[in-house]
Number of protein chains: 2
Amino acid sequence: MIDIRQMRYFVAVAETLHFGRAAERLHISQPPLSRQIAALERELGVHLFEREQRRASLTPAGRRFLEDARAVLMSFDQACRNARLAERGEIGELSIGFMMHAAYTSLPALARRFMAGHPEVHVELREVVPGALADAVLSGRFDAAIMFNPGPIKGLETRIIHRERMCLALHPSHPLAKRTTISAKQLKGQPLIATPTEAAPMLREAIVQYCRSGGFEPTIRLEVELQQTIVSLVAENLGIALVPESMGKLGIDNLVQRDLQAAPAIEHVIAWRPGNLNPALRPFLDEARAVQPIQPSSRNQTR
Amino acid sequence: MIDIRQMRYFVAVAETLHFGRAAERLHISQPPLSRQIAALERELGVHLFEREQRRASLTPAGRRFLEDARAVLMSFDQACRNARLAERGEIGELSIGFMMHAAYTSLPALARRFMAGHPEVHVELREVVPGALADAVLSGRFDAAIMFNPGPIKGLETRIIHRERMCLALHPSHPLAKRTTISAKQLKGQPLIATPTEAAPMLREAIVQYCRSGGFEPTIRLEVELQQTIVSLVAENLGIALVPESMGKLGIDNLVQRDLQAAPAIEHVIAWRPGNLNPALRPFLDEARAVQPIQPSSRNQTR
DNA sequence: CGATCATGATACCGAAAAGGTATGAACTGG
DNA sequence: CCAGTTCATACCTTTTCGGTATCATGATCG
């Protein structure tokens with residue numbers, strides 16, 4: 001009968017694609033590992049690895065099984081942890097990743113509500129650059145994360161919890177600061193400050209798209225990872241930036257914000273891995289429902 | 001080390017609360033089972049059962065573990081099945097439960113779209129009385145179901161896919177048939193035909209609520225399980241009924257529908273068990289997103 | 001109240017399975 | 001063609017599992 005150990009062995013081999021190193025990682029010797037994998041393939045009736053010429057690789061069925069096996073192992077381990085935590089009355093620990101923008105918008109209310117309602121849960125909040133959040137949730141590093149809406153990602157469930165418009169941040173002395181509303185065309189030729197694609201892909205994409213709607217490719221003069229740095233640089237008059245409106249809450253001197261015509265909106269979502277058995281996750285997501293953005297669906301839903 | 005077999009044993013004992021019968025179900029004798037459970041408790045460091053005087057019962061931690069263990073076992077078995085299916089190129093089988101109302105509204109488009117995009121998936125569609133759907137999904141009988149919105153249910157994720165108003169169905173000769181719009185008050189004293197609470201709790205609830213808003217308790221003269229029967233009986237002039245507007249699509253003779261003032265709306269949701277590893281489920285849910293009801297959230301979401 | 005029954009735990013044994021070492025087979029690369 | 005790498009096989013030892021027999025405890029009933 002197939003058991004969880006064989007799954008662990010399989011994942012180790014699938015991740016290293018090397019029986020020797022996988023065995024090392026599992027603290028067993030190589031021959032038993034080979035035998036267990038062979039037994040697993042025999043019992044499943046499925047070829048998981050392609051063994052051609054000293055190089056192991058996954059078959060399509062193996063890739064499928066790797067995905068599932070990872071999820072099963074995480075659930076399995078979490079189930080054991082849950083039992084121990086439940087025994088001690090600590091219903092759980094919850095680790096939430098978020099990007100800086102959330103710290104000024106949806107996160108504070110959400111965290112406050114949840115922690116008030118669940119005092120026995122230890123909550124870990126950790127700020128990370130937006131681009132790293134999806135992977136961190138998938139790998140189990142975080143139980144949930146607040147990030148820009150990345151569209152559908154395999155293995156992630158998301159729900160929109162905040163939506164805000166972008167605006168233009170600039171130095172008070174900047175010529176464009178005289179206007180109340182600025183159109184995309186007027187940005188042509190202006191030196192922009194923005195995050196690199198890796199740090200916040202969706203935000204960067206929104207900025208580029210908006211510029212294209214004005215008929216030009218944006219000139220990104222400076223790339224910096226942190227949003228705080230972007231606005232400080234704008235306040236130093238080193239360029240202008242398209243930022244979410246909530247950045248105004250930073251209260252930075254020598255910085256003004258102006259409306260954009262047909263301003264692009266950017267959505268914050270809460271993302272989690274379905275199948276995550278952390279008992280504290282579900283109530284947290286339920287709280288997140290309550291802080292949903294201004295959109296009729298949240299009024300109409302009875303849930 | 002804890003393994004999947006011990007989890008299976010635990011679930012069997014937890015479900016029967018009887019070591020002897022659990023052992024029988026597992027096709028082993030009782031002593032090894034006792035030993036495995038004891039080992040599991042020792043390795044977890046958690047008391048799962050309260051053994052007092054010939055009666056085994058679950059501790060709170062045991063209940064928690066039972067829930068998780070069931071989910072883990074389902075995922076585990078599905079992972080093995082997935083591997084076999086993937087090997088054969090049949091990416092999957094998907095079984096969908098639905099209530100009769102969905103057959104005239106959201107289901108046809110959804111099923112057609114999904115099957116067109118996933119010809120290799122074998123889809124099983126099965127009609128069931130609405131009240132049985134939630135349990136059928138939780139038990140794994142169906143991968144997903146289309147039902148009336150039951151509000152939050154532990155272990156179920158739901159998404160609204162259809163919303164329609166209720167209307168009044170009556171025989172053309174009925175006095176109320178002369179009016180175009182009927183208020184709740186005017187229904188007072190009228191003999192209603194409706195489903196019993198067990199068959200369609202949410203529908204029944206909506207009807208009762210609407211009558212109360214008219215200041216009276218409804219008189220349900222006839223209770224029948226099937227919606228088709230309800231409208232036939234109305235066509236036989238045995239009473240009137242509050243039914244979803246889409247029932248008109250049945251095209252029944254001697255039946256007319258009239259608008260209700262402040263008509264209650266009833267929502268259809270698609271429900272599934274998060275953690276269900278069936279590879280065909282995710283694409284099906286994605287298709288379901290596309291047939292979301294007339295509500296801004298579906299227009300605004302980029303996903 | 002004592003005999004009997006029901007139920008889970010313990011003791012002990014043989015069988016199955018897991019892991020370890022040594023070694024073989026197949027391929028690579030100089 | 002030989003050394004090196006990498007996975008598979010052979011064989012042995014240890015562990016673990018399930019089975020039978022039996023015990024301890026509390027319930028049930030005449």
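What you are looking at is a predicted structure, and each value in this text was computed from that prediction instead of being measured. Proteins get letters first, then strands, A, B, ... in listed order; numbering begins at 1 in each.
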Using a cut-off of strictly less than 4.0 Å between a heavy atom of the residue and any atom of DNA chain C, enumerate the qualifying residues of residues 17-26 of chain A by number. none

Can you name the ring-ring contact (aromatic ring centres under 6.0 Å, His included) partners of [X], sequence neighbours left out?
X: A/H18; result: none
X: B/F65; result: B/F10
X: B/F19; result: none

For [X], give me all partners under side-chain hydrogen bond (donor to acceptor under 3.5 Å, both in side chains), at least two apart in sequence or on another chain.
X: B/E198; result: none
X: A/E223; result: A/R204
X: A/R5; result: A/D3
X: A/D135; result: none

For nucleotides 16-20 of chain C, which of its nitrogen or oxygen atoms have a protein nitrogen or oxygen under 3.5 Å away, and what is each distance?
from: C/dA18; atom 1: O5'; to: A/Q36; atom 2: NE2; distance (Å): 3.2
from: C/dG19; atom 1: OP1; to: A/Y9; atom 2: OH; distance (Å): 2.5
from: C/dG19; atom 1: OP2; to: A/Q36; atom 2: NE2; distance (Å): 3.2
from: C/dG19; atom 1: N7; to: A/R35; atom 2: NH1; distance (Å): 3.4
from: C/dG19; atom 1: N7; to: A/R35; atom 2: NH2; distance (Å): 3.0
from: C/dG20; atom 1: OP2; to: A/S29; atom 2: N; distance (Å): 2.7
from: C/dG20; atom 1: OP2; to: A/S29; atom 2: OG; distance (Å): 2.9
from: C/dG20; atom 1: O6; to: A/R35; atom 2: NH2; distance (Å): 3.1

Tell me: CD1 of B/I4 to P of D/dC17, nearest whole Å? 15 Å

Here the distance between atom P of D/dA8 and atom CD1 of A/I37, to the nearest Å, is 9 Å

Could you grab the distance from atom CZ of B/R21 to atom CG of B/L33, nearest 0.5 Å is fine? 13.0 Å

